[in-house]
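The structure appears below as structure tokens.
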Amino acid sequence: MEDEQEKVVIHGLVCPRPLTHDETVLLGHGSGGKMTRDLIEGTFYPPFENPTLLRGDDAAVVARPESGRLAVSTDSHIVSPLFFPGGDIGRLAVCGTVNDLAMVGARPLWLTASFILEEGLPLLIVERVTASMKAAAGEAGVGIIAGDTKVAERGKADGIFISTTGVGWVPNNRNVSGANAQPGDVVLLSGPIGDHGIAVLAARGELAFETIVESDIAPLNDLVEKMFAVCPSIHALRDPTRGGLATALNEIARQSGVAIQLEEEKIPVRPSVMAACELLGFDPLYVANEGKLVAFVPPGDAEVILGAMRSAPYGDGACRIGSVEAAPAGKVLMRTAIGGTRVVDMLSGEMLPRIC
Ligand code: MG
């Protein structure tokens, strides 16, 4: 049996105790001098190893694609705790940016990563986070080719903050935008909603009952490629992250100047997520996802795209959830299970802080 006295949970990760001075992040690691070099070469180079990064220049130099266009996206990640069922801040930082690239039809190529580390953070946590980033980047097929590290004084950062920037390649035959949804389009969703937000909340101990909800964090670029393989003319894609499905759909309704009509009964929510939402007074439509997408597709292609999604990683729960109409422009409406219709608005204010 393990001796409980020898372990301590820090930021959601079980760490050995006591940690010695040289096992934690020190202000000197951000000095730009030898300690910074040791941290970079000892902790960041091994997991991210690739020739472009290891060259050690001030900027990564990469070859230009011969055709198509480039997509660029950036995202900052703050999540508490850093480790939770189904993922951690490292997987989040890679998948968040990979998915934003995929949502414009880009094939993700490269990422950069910027780390703000809090003084006193166990180096074990940095190593676990970078190992998780390596695994996620490997799964998505992207290289982490440039990075930066700074150290904030104790109490001035919550363990670790990570910003990632991604570059992807968009083939010329794709024209995907939140402004391209058209009346008649079918709205597809890749699987059940709300898992990420509830998993992080449960890991904070904010639920009154034990739950086994895992975050859905996943790279969606392979799923998106399988969709384009059967239908190059997908109109719009979006990952319903912070603000949830309701917010993502409202953004697209506004960008495209269309109405979106949802069918409440068709929107999948796991029973455990629904139970947590009912307890907390949340609507799952507004709870964050990190491994789901919505797609706006021509009606004649909807069935074949659904088939492609269901055979792809992270798309096995794909379903139709609604359709696009001309009016009322900019609105999302939902036919409820009991036969009424209600307006689904954007998230106003903050429901779940620091979850992604
Ligand atoms: Mg997004």
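Note that the structure is a prediction, hence the values are computed from the model and not measured.
Classification of Asp158 and Arg354 as a salt-bridged pair holds, one side-chain N sitting under 4.0 Å from a carboxylate O. The pair Asp283-Arg342 meets the salt-bridge criterion, since a charged nitrogen lies less than 4.0 angstrom from a carboxylate oxygen. No salt bridge links Lys134 with Glu127; every basic N to acidic carboxylate O contact stays at or beyond 4.0 Å. With salt bridges taken as basic N to acidic carboxylate O contacts below 4.0 Å, one links Arg238 and Glu251.
Leu111 contributes atom CG, which lies 8.5 Å from atom OG1 of Thr165 (distance to the nearest 0.5 angstrom). Taken to the nearest 0.5 Å, the CG atom of Leu117 stands 5.0 Å off from the CD1 atom of Ile160. In this structure, CG on Asn221 lies 8.5 Å from CE on Met103, to the nearest 0.5 angstrom.
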Q.
Checking Met309 against Lys226 for the side chain to side chain contact (heavy atoms under 4.5 Å, CB included) test, could you report, in this order, the C-alpha distance in whole Å, the side-chain angles of both residues, the deciding distance, and whether it holds?
A. CA-CA 7 Å; Met309 291 173 80; Lys226 293 205 161 53; over 6 Å; no

Q. Between Thr97 and Asp75, is a side-chain hydrogen bond (donor to acceptor under 3.5 Å, both in side chains) present by the stated rule, with each step listed?
A. CA-CA 6 Å; Thr97 296; Asp75 210 342; 4.9 Å; no

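Across all their heavy atoms, Ile144 and Asn50 have their closest contact at O-ND2, 2.8 Å. Annotation for Ala246 and Tyr286: closest pair CB-CE2, 3.5 Å, computed over non-hydrogen atoms.
Neither side chain, Ser163 nor Ser114, offers a donor N or O lying under 3.5 Å from an acceptor on the other.
Under the side-chain contact (heavy atoms from CB on, under 4.5 Å) test applied with Leu245, the options Ile267, Asn250, Val344 reduce to a single match, Ile267.
A donor-acceptor pair under 3.5 Å links the side-chain atoms of His196 to the main chain of Ile355, judged by distance alone.
Both the sub-6.0 Å distance and the 45° axial angle are not jointly satisfied by Arg128 relative to the ring of Phe83.
Counting non-hydrogen atoms of other residues, nucleotides and ligands closer than 6.0 Å to CZ of Arg254 gives a total of 12 or fewer.
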